[in-house]
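Beneath this line is the structure, given in structure tokens, with notes to follow.
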Amino acid sequence: MDLHTQQPAATSGEHVIVVEGLKKSFGAHEVLRSIDFHVDRGEVVTIIGASGSGKSTLLRCLNLLEEPDAGHVWFHGRDLTSEDVDVNRLRRSIGMVFQSFNLFANKNVLDNCTIAPVKLKLMSKREAEATALGHLEQVGMADFASADVTRLSGGQKQRVAIARALCMNPEIMLFDEPTSALDPEIVGEVLNVMHDLAQSGMTMVVVTHEMAFAKGVSDRVIFMDDGVILEEGSPRQLFSHPVHDRTRAFLSRYLDDRA
Ligand code: ADP
Ligand code: MG
């Protein structure tokens, strides 16, 4: 990796995250082939693309769950790929919601939300509980605060996972196919929560196959294809006037399947 750690002047300002020349391989398989993009404060960016195109790997590079092979990831102007970054501190500022919820099965809903802020000494137990109840209210799960998470539906679990991430007071939320594991009739309750979060001004990057959400909620849509960003633009541009044949083919497949 080169030692160019100065964020380019053209990319400073209201950018929360700037990615430049990001590459990642697993063995001989180059999964990310020089990715450049940025996310501005308050922006909702959705990433669409076929399975295997590198969407999850890209998200995971943003909070260093994967270490990039080359390129830079700037978070508020700090180069995360430089060596002196406090990874734990960074991850507190970047909320992540996974397809598979990743809740602690042996803890109730409230404890799931308070364990990290208390353990990291960010808040007292009492403050953490008050904060958690506020976020559980926000996702419509306050009545379940003392419920065992194993008894919840998938949609309820995912809403708790979102509340839990919010309890860390993140500056940006990353969602990796948050509704892909859910029954179709439950998807909407999670998308509604994400919609409200977007309306509240949260900066979000959302990998999804929910094209109606991508169209209706995002400020910008990125189409990934085989490790590159093939095309990006406003939802209107990308869905109504895709430039590339591969974008058109992907979209027609989705719109046919899901219509
Ligand atoms: P997407 O989220 O778009 O489906 P991924 O980023 O999960 O794509 O994966 C892109 C490619 O990288 C896939 O071919 C996948 O098999 C491969 N890959 C992802 N993670 C690993 C890993 N830890 N080890 C080896 N290959 C991986
Ligand atoms: Mg994925």
Side-chain angles (χ1 to χ4, degrees), residues 1 17 19-39 44-73 75 80-81 87 91 94-103 154-155 157-158 161-162 165 172-184 186-187 190-191 194 204-215 217-218 220-233 235 238-239 242 244-258:
M1 193 173 295
I17 287 184
V19 172
E20 188 190 68
L22 184 67
K23 294 185 181 184
K24 179 70 184 176
S25 296
F26 294 107
H29 183 186
E30 198 173 22
V31 171
L32 297 179
R33 301 185 289 137
S34 202
I35 300 282
D36 297 310
F37 85 107
H38 62 89
V39 184
V44 178
V45 176
T46 45
I47 303 178
I48 62 173
S51 173
S53 57
K55 306 180 299 296
S56 294
T57 305
L58 174 57
L59 274 200
R60 292 166 61 82
C61 284
L62 298 184
N63 63 0
L64 301 184
L65 287 173
E66 296 288 354
E67 192 185 341
D69 295 335
H72 298 277
V73 178
F75 183 62
L80 303 186
T81 54
V87 172
R91 293 212 184 107
I94 302 181
M96 180 105 181
V97 174
F98 301 90
Q99 180 176 328
S100 53
F101 326 126
N102 294 12
L103 296 175
K157 283 182 186 163
Q158 197 58 299
I162 293 169
I172 182 169
M173 290 277 284
L174 311 179
F175 294 84
D176 194 359
E177 298 198 31
T179 61
S180 293
L182 303 177
D183 293 334
I186 283 176
V187 166
V190 174
L191 293 180
M194 293 169 62
M204 296 166 50
V205 180
V206 184
V207 173
T208 189
H209 294 294
E210 294 296 331
M211 297 301 154
F213 178 88
K215 253 187 201 167
V217 180
S218 41
R220 199 144 47 85
V221 184
I222 286 177
F223 174 62
M224 277 189 74
D225 185 51
D226 197 17
V228 299
I229 292 177
L230 192 62
E231 186 162 351
E232 71 176 293
L238 202 114
F239 286 105
H244 287 272
D245 289 343
R246 290 183 67 90
T247 318
R248 268 196 289 276
F250 174 82
L251 290 175
S252 66
R253 209 158 65 232
Y254 258 89
L255 301 176
D256 291 349
D257 285 357
R258 305 280 166 121

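In each ligand, atom 1 is the first atom listed, and ligand 1 is the first ligand listed.
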Ignoring hydrogens and angles, tell me if any N or O in the side chain of K24 forms a donor-acceptor pair with the backbone of L58 under 3.5 Å.
-> no

Whether R220 side chain and E232 backbone form a donor-acceptor pair below 3.5 Å = no

Under 3.5 Å, sequence neighbours excluded: what are the donor-acceptor pairs made by side chains of residues 46-54?
from : atom 1 : to   : atom 2 : distance (Å)
T46  : OG1    : S218 : OG     : 3.1
S53  : OG     : A50  : O      : 2.7

Set of salt bridge (Lys or Arg N to Asp or Glu O under 4.0 Å) partners for R60, sequence neighbours left out = E66

Applying salt bridge (charged side-chain N to carboxylate O under 4.0 Å, His left out) between D225 and each of R33, K55, R246, report the one that passes.
-> R246

Non-hydrogen atoms closer than 4.0 Å to ligand 1: which protein residues do they belong to? List them by chain and number, please.
-> F26, H29, V31, A50, S51, G52, S53, G54, K55, S56, T57

Any protein N, O or S atom under 2.8 Å from the Mg ion (ligand 2)? Found S56 OG

Is the side chain of Q158 donor-acceptor paired with the backbone N or O of F98 at a distance under 3.5 Å, no angle test?
-> yes

CE of M96 to CG of D176, rounded to nearest 0.5 Å, is 5.0 Å

Inter-residue atom distance I222.CD1 - I35.CD1, 0.5 Å rounding | 8.5 Å

Mind checking the CG-CD1 spacing from L80 to I17? Nearest 0.5 Å is all I need.
-> 7.5 Å

